[in-house]
Amino acid sequence: MVDHIRVVGINDYHDASVCLLEDGRIRFAIQEERLSRIKNHSGFPYRALDTALRIGGLSVEDIDIFAFNFRYRPKRRDKKGWTDWCRSSQNLSRPFVELFRRSPAFRIYKQITRKRLLNEVRGLGIPESKVRFIDHHRAHASTAYFGMPHNSPDEPVLVLTLDGGGDGVCATVSIGKDGSLVRIASTPEGNSIANIWTHATFYLGMTPLEHEYKLMGLAPYPKPEHFEGLRKRLGELVQVNGLQFRSPLRSWTNQTLYAYPQLKQIFDLERFDNVCAALQQDTEEIVTRWIRNCIAATGVRNVALAGGLFLNVKLNQRIMEMNEVDRVFIFPSCGDDSSAIGAGFAAYVDCSAENGTKAEIEPISHLYFGLDYGEAYIEEAVGKLQHDGALDVYKPGNMPKTIADMLSKNEIVARFDGRNEFGARALGNRSILSNATNFFNTRELNKMVKSRDFWMPFAPSILWENEEDYLVNPKKIPAPYMILSFDTTERRKEIVAAIHPYDLTARPQIVYKDHNPTYHQILTSYKEVVGPAGLLNTSFNLHGEPMVCSPEDAIQTFMNSGLRNLAIGEYMVSKKPM
Ligand SMILES: [Fe+2]
């Protein structure tokens, strides 16, 4: 008789991460970057694994399964590695590399890489018998299906995954029902619009697999007549064929994976903003066409999505708006970081089946799965601050009201409190907050700490009680994770600094009291003092760095930036005017 089933899900690829599950409930999850302080850390998440076991009060012996989010481990690449990978598309040797990938020798190479990984984990005291390799798209699909809240088990869900590729596949179509996922279609690697985004990001001089969102942010600006021809030419690179995608590019170069030379020709002498707009529109058209086909084939209108392409919040908005779609759930931070959670879910399902027990997975209701340092630790960190009287350090009686008062005076406040958020978005606990009624605050924020590209918008946190005041959301799709954008209402002026300045959409965090009571209270106080029920919320980090994790990170970022106020635990720390 097994007391508990404990599974550790691991992503040791880019955006490395670890998740600790106990009996289908997420107890802890964190990305390695928060601990290593290397953005989008690529490699084995030693620190995250160690921290997960420590926080759980567990040792390797207490864990039943260590589940990896790939069957075949692709080569790990850092920032330079991804840039080199894009550049290698032009190498004359590319077809020969591809021939090797399709030969029997590659199967042996795959086994060698798997053995290498097993040796790595054996060094951590993890026996081979506890290691499972979960198919990459099964891991993604598992996040979307099992992570989806309020889903009655007998109601079918259309589960779709789409990314740059993993385990030989870049897109899948599955039906989730009664606690199991059945895949009905898949698209082989090399036929993915996500690869086109990677190469386009590289083409525009930005970092592939990191800055794709900047292209999305630039896409609304050009007029359609300026990029229509470009969009048509792009549309020839990836097409929809029933429940699959298909690239007509020559297959021996492995198609979209190495499409940089073709893209260079298409983009030649085109303006940078037209490139972004054409790519965004083409993506929306082909993905919605694919989903329409999937719904027509299955009759299932309740959709769950995961995989890196669905980090595109504008694409998600188009999907939400489709007449054929009744409901949509996008797993937050749905790139490979969250596939550690999916690998954990899938391995738990398998383990329960082997034990003859029913897998009961708790859907996600918030993302505060990370580290909580506690008040004593914070007090000690604040006590160590050397400032020669340059700081005011005090404990306000009513922190939410104090923050609201500061925001009402156009002060910007960095906030550190409670457990840190899993994934790419700051959801109040490691956030920088600003009054969103004043558009010029975005300029202040960029000068102080963020240094964002001039075209990139900020995003709002909005009280759930007042969501309808600001967002057009006729299907009442819950939006607590900043993974979905919405059109805004006439009252958008009240949150003008936190919407896209050109197309006037917002990528909101709807704040529910039971997800984060103290952050909800800050918004409530802000509403009482300032009026609007939404404020600007951006991640607490210096440009190019991961979000702060520890009190030390928070204090260091505060001291090394133009930030003037830090609300850390029960303390308010303010720089005195010079
Ligand atoms: Fe993926």
Side-chain angles (χ1 to χ4, degrees), residues 9-19 29 31-33 40-45 67-78 81-82 85-86 110 113 117 132-147 159-174 181 183 185-199 201 207-213 238 244-245 254-257 283 287 290 304-312 315-316 330-347 422-424 483:
I10 300 174
N11 166 35
D12 64 321
Y13 197 45
H14 68 98
D15 297 331
S17 56
V18 161
C19 161
Q31 295 123 287
E32 183 75 357
E33 65 157 31
N40 303 122
H41 187 116
S42 182
F44 195 94
F68 286 83
N69 62 332
F70 280 93
R71 278 187 294 145
Y72 153 62
R73 166 75 37 234
K75 188 177 172 186
R76 293 170 187 150
R77 291 180 174 90
D78 59 10
W82 284 114
W85 178 79
C86 287
K110 278 185 186 177
T113 59
L117 181 61
R132 306 247 175 131
F133 295 98
I134 303 294
D135 173 83
H136 186 64
H137 278 262
R138 184 181 173 211
H140 276 313
S142 297
T143 58
Y145 177 57
F146 296 110
V159 182
L160 305 172
T161 63
L162 181 43
D163 68 3
D167 286 326
V169 165
C170 65
T172 63
V173 181
S174 304
L181 274 164
R183 188 180 293 183
S186 63
T187 300
E189 259 183 355
N191 297 277
S192 175
I193 191 79
N195 300 145
I196 306 295
W197 278 86
T198 305
H199 290 298
T201 305
T207 308
L209 273 91
E210 187 175 324
H211 290 160
E212 281 77 355
Y213 70 97
V238 182
Q244 291 182 306
F245 294 94
N254 214 0
Q255 299 146 295
T256 55
L257 275 167
T283 302
V287 176
W290 176 59
L305 309 170
L309 194 78
F310 297 114
L311 292 168
N312 189 313
L315 167 64
N316 297 340
I330 307 114
F331 195 84
S333 216
C334 55
D336 283 352
D337 44 358
S338 63
S339 64
I341 296 175
F345 283 162
F422 180 84
I483 190 75

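Just follow the structure's listing: the first ligand is 1, and inside any ligand the first atom is 1. FYI, the numbering just counts along the sequence from 1.
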Q: Quick one: do S192 and D163 satisfy side-chain contact (heavy atoms from CB on, under 4.5 Å)? Show the steps, please.
A: CA-CA 7 Å; S192 175; D163 68 3; 5.9 Å; no
Q.
Restricting to ring pair (Phe, Tyr, Trp, His ring centres under 6.0 Å), what partner residues turn up for F44, sequence neighbours left out?
A. Y46
Q | Contacts of D167 that satisfy side chain to side chain donor-acceptor pair (under 3.5 Å) - sequence neighbours left out | A | none
Q) Sub-3.5 Å donor-acceptor pair from the side chain of E33 to the main-chain atoms of N40, do we have one? A) yes
Q. Taking T256 for the side chain and N191 for the main chain, is one N or O donor matched with an acceptor at less than 3.5 Å?
A. yes
Q: Quick one: list whatever passes salt bridge (Lys or Arg N to Asp or Glu O under 4.0 Å) with D12, sequence neighbours left out.
A: R73, R76
Q) Leaving waters out, which protein N, O or S atoms fall under 2.8 Å from the Fe ion (ligand 1)? A) H136 NE2, H140 NE2, D163 OD2, D336 OD1
